[in-house]
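Below, read A as the first sequence line, B as the second, and so on, with proteins coming before strands; counting in each chain starts at 1.
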Protein chains: 2
Amino acid sequence: MHIPDGGEPKSRRGRGVTMQDVGRMAGVSQVTVSRALSDPAKVSPDTLRRITQAIEATGFVPNALAGALASRRSGLVTALVPSITNIIYASMVQAFGLRMRDAGYQILLSETGLTLEAEEETLARHLSRRPDAVLLTGIHHTARTRRMLLASGIPVVEVWDFTETPIDACVGFDHAATGRAVGDLAADLGHVQAATVCAGDERAKRRMAGFATQFTRRGGQAVLELGYDDQASLAGGRAALARLLDEMGFDRGLVFCSSDILAHGVLIEAQARGLRVPQDIAVVGFGDQEFSDATNPPISTVHVDREAFGRAAAEALLSGIEGRRDGPAAIDLGFRILRRGSA
Amino acid sequence: MHIPDGGEPKSRRGRGVTMQDVGRMAGVSQVTVSRALSDPAKVSPDTLRRITQAIEATGFVPNALAGALASRRSGLVTALVPSITNIIYASMVQAFGLRMRDAGYQILLSETGLTLEAEEETLARHLSRRPDAVLLTGIHHTARTRRMLLASGIPVVEVWDFTETPIDACVGFDHAATGRAVGDLAADLGHVQAATVCAGDERAKRRMAGFATQFTRRGGQAVLELGYDDQASLAGGRAALARLLDEMGFDRGLVFCSSDILAHGVLIEAQARGLRVPQDIAVVGFGDQEFSDATNPPISTVHVDREAFGRAAAEALLSGIEGRRDGPAAIDLGFRILRRGSA
DNA sequence: CTGTTAGCGCTTTCAT
DNA sequence: ATGAAAGCGCTAACAG
């Protein structure tokens with residue numbers, strides 16, 4: 001089967017330098033080159049030197065595809081988020097990627113958009129690359145997504161939402177609870193009227209619902225609810241307050257927004273109309289974005305430590321990969337209400 | 001998560017179902033399964049049906065690692081950007097990824113941070129996965145980066161900056177020219193004093209320098225220049241204007257910022273001090289971010305079509321991969337000055 | 001339309 | 001400390 005190289009190398013179509021080539025130049029076999037790279041201590045100093053020189057001379061770059069196929073470890077980790085242009089997810093993935101990179105893994109990142117079906121299809125493509133672990137956003141997935149994940153047998157972490165019964169591991173927080181906490185704040189501050197402005201996914205809606213429930217339970221009037229399908233934006237926040245004021249009979253009170261950018265828009269629109277914040281209109285955002293404490297007045301918001309989510313998710317996967325984790329893990333990292341000038 | 005061995009007939013250590021397995025179940029050889037997947041038209045309808053059933057029954061997921069090794073095409077495309085939490089790069093990569101995904105490629109994305117050495121190291125790791133093409137941010141790279149790229153023989157596109165002599169292809173714009181154009185605007189508006197606030201990379205500095213050169217050439221006073229090492233932020237913009245006003249003798253005039261977020265900070269600080277914008281302080285940003293036309297007043301800025309960069313970069317690589325491109329390509333996508341209320 | 005044969009460039013295992 | 005042999009799971013010729 002294996003025809004020995006009869007002296008002269010056959011004309012190599014592919015242009016890549018192989019370990020074979022490096023070994024030939026260094027006067028050792030291909031395996032020794034492999035060893036020199038994966039565990040230098042296992043080859044003699046002299047051999048190592050010659051191999052290093054040969055690598056330098058040839059510009060050899062190991063083929064990780066072949067390595068992964070042979071070792072059954074790809075060194076790849078899948079990360080699936082709704083959108084990378086959303087700072088919430090971007091900063092989480094950034095922290096996740098840093099930790100995984102330190103552990104020797106590379107991130108295969110994809111956007112899944114809004115539907116679970118898109119997530120399922122993207123996941124299938126990713127699994128064909130045989131990742132060593134998977135990060136998913138959210139706790140709701142299609143049946144086939146779950147099945148594929150289970151069948152793959154690799155560690156999985158679901159982030160940015162919380163459940164006691166994750167596929168494998170979960171790192172998140174209780175979205176409805178954040179809304180209820182803001183509802184309490186609104187009631188504590190003595191507001192009678194309140195409104196919500198939502199331009200996010202299902203999780204954002206749950207936050208808004210938690211707010212409405214708690215605010216009315218605490219004696220507030222029925223909450224005016226405004227929802228948008230497009231991405232959160234300053235313009236959207238301005239338009240929302242305008243609509244609340246001009247068309248929906250909102251007079252004065254607290255506005256809870258699904259993101260700080262919407263809250264900032266509400267703030268700007270209020271000021272453009274000569275309304276005082278927080279006296280006439282109070283506003284609370286979500287996410288504690290970088291700009292939120294530098295506006296005038298600074299924006300009250302719900303803080304969640306996005307980087308911590310990314311790091312914790314990485315740890316959960318690493319412990320799974322290395323078999324240090326016995327069973328499922330569900331970690332609630334919680335949140336903090338940041339009361340600032342806007343409410 | 002530990003999935004018990006499903007008790008397969010043959011003691012397969014590896015838990016993946018292979019084409020071999022699928023073929024056996026469908027009563028055909030492994031190659032036929034491969035064909036059914038890559039080119040269904042080459043297989044008889046009846047065979048195809050049986051194969052499809054077998055795939056369904058086994059939950060077979062093709063191993064792209066093996067496929068890539070055998071075919072010498074990984075279906076992977078490398079994208080290297082300074083930071084994914086910077087909306088500038090995130091939106092560019094998003095558009096790039098969409099186009100490449102449509103063409104059947106998956107993106108291997110990494111952050112390179114600020115140094116060319118980090119870029120080099122990251123690139124080396126990426127090349128070991130044998131990507132079919134590479135996207136790089138900027139036109140400055142280490143010698144070894146260039147050497148590795150040239151040796152790999154795959155299409156390369158450098159984005160977000162412009163040169164007539166790219167490694168392979170280039171899609172960008174002239175940063176200094178944007179600064180000069182804003183310098184002209186400042187002069188046209190009759191400003192005598194001007195300042196720059198920069199919190200970005202080398203390209204941002206080139207924009208600021210272009211502004212200063214042109215503004216003084218047009219008769220303006222020497223430009224006050226403020227530079228920060230940290231990321232651009234609202235707070236940074238506010239602090240910058242405060243410093244300009246309180247410590248550097250800036251009185252009234254135009255402030256050109258390296259990003260819209262800084263410009264927004266300047267705007268807020270000016271208003272907090274009771275200064276009129278644009279009468280007392282005029283401000284121009286860069287990037288035309290989503291919020292920039294919804295502030296009060298809206299921010300004048302330099303618009304660059306980030307999505308267009310991403311798409312054009314994708315096209316450049318695709319034409320290279322498919323051999324449709326003969327030689328290097330250098331595309332200057334230009335920019336537009338958007339004059340709004342802030343200047 | 002389908003099968004056979006020969007690798008892709010590595011890691012693993014077992015000798016030496 | 002080093003090497004030979006045997007795959008990893010797939011694609012690419014080439015037959016038939």
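At the phosphate of D:dC8, neither OP1 nor OP2 sits under 4.0 Å from any side-chain N or O atom of A:Arg130. In this model, the phosphate group of C:dG9 is approached by a side-chain N or O of B:Arg72 to a distance below 4.0 Å at OP1 or OP2.
Inter-residue side-chain proximity for A:Ile84 and B:Ile84 is flagged as unmet; no heavy-atom pair is nearer than 4.5 Å. Residues B:His141 and B:Ile167 form a side-chain contact, since some pair of their non-hydrogen atoms from C-beta on lies under 4.5 Å apart. In this structure, B:Arg35 and B:Thr32 have side chains that are in contact, with non-hydrogen atoms separated by less than 4.5 Å. Within the 4.5 Å cutoff, the side chain of A:Leu108 has no heavy atoms near those of the A:Pro131 side chain. Side-chain contact between B:Leu333 and B:Phe309 is present, with at least one heavy-atom pair separated by less than 4.5 Å.
Contact check on A:Arg125 versus A:Glu121 returns a salt bridge, with a Lys/Arg side-chain nitrogen under 4.0 Å from an Asp/Glu carboxylate oxygen. Between A:Arg24 and A:Asp21 a salt bridge is recorded (basic side-chain N to carboxylate O distance below 4.0 Å).
To the nearest angstrom, C1' of D:dT11 lies 13 Å from CG of B:Asn63. In this entry the distance linking CD of B:Gln20 with P of D:dG9 reads 10 Å, nearest Å. When the P atom of D:dC8 is taken as reference, atom CG of B:Leu65 falls 14 Å away, rounded to whole Å. Taking atom CG on B:Leu127 and atom P on C:dG9, their separation rounds to 16 Å, with Å as the unit. The CE atom of A:Met19 sits 16 Å away from the P atom of D:dA4 (whole-angstrom rounding).
Screening B:Val156, B:Leu136, B:Ile154 against B:Asp168 for a side chain to side chain contact (heavy atoms under 4.5 Å, CB included) leaves a single residue, B:Val156.
Positionally, the nearest nucleotide of DNA chain C for A:Leu69 lies more toward the 5' end than for the other of A:Arg73 and A:Leu69. For the pair A:Gly67 and B:Leu48, nearest-nucleotide mapping onto DNA chain C gives the more 5' position to B:Leu48.
Among C:dC10, D:dG9, D:dT11, the nucleotide with an atom closest to any side-chain atom of A:Ala66 is C:dC10.
Bending across the helix from C:dC1-D:dG16 to C:dT16-D:dA1, expressed as the angle between its end axes from five pairs apiece, amounts to 30° (10° rounding).
For DNA chain D, the residues of residues 25-47 of chain B within the heavy-atom distance limit of 4.0 Å (strictly under) are B:Gln30, B:Val31, B:Ser34, B:Arg35, sorted by number.
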Only distances under 3.5 Å count here; give the side-chain donor-acceptor pairs of residues 46-53 of chain A to other protein atoms, sequence neighbours excluded, each with its distance to 0.1 Å.
from, atom 1, to, atom 2, distance (Å)
A:Asp46, OD1, A:Arg49, NH2, 2.6
A:Asp46, OD2, A:Arg50, NH1, 2.9
A:Thr47, OG1, A:Ser44, OG, 2.7
A:Arg50, NE, A:Ala26, O, 3.1
A:Arg50, NH2, A:Ala26, O, 2.9
A:Thr52, OG1, A:Leu48, O, 2.6

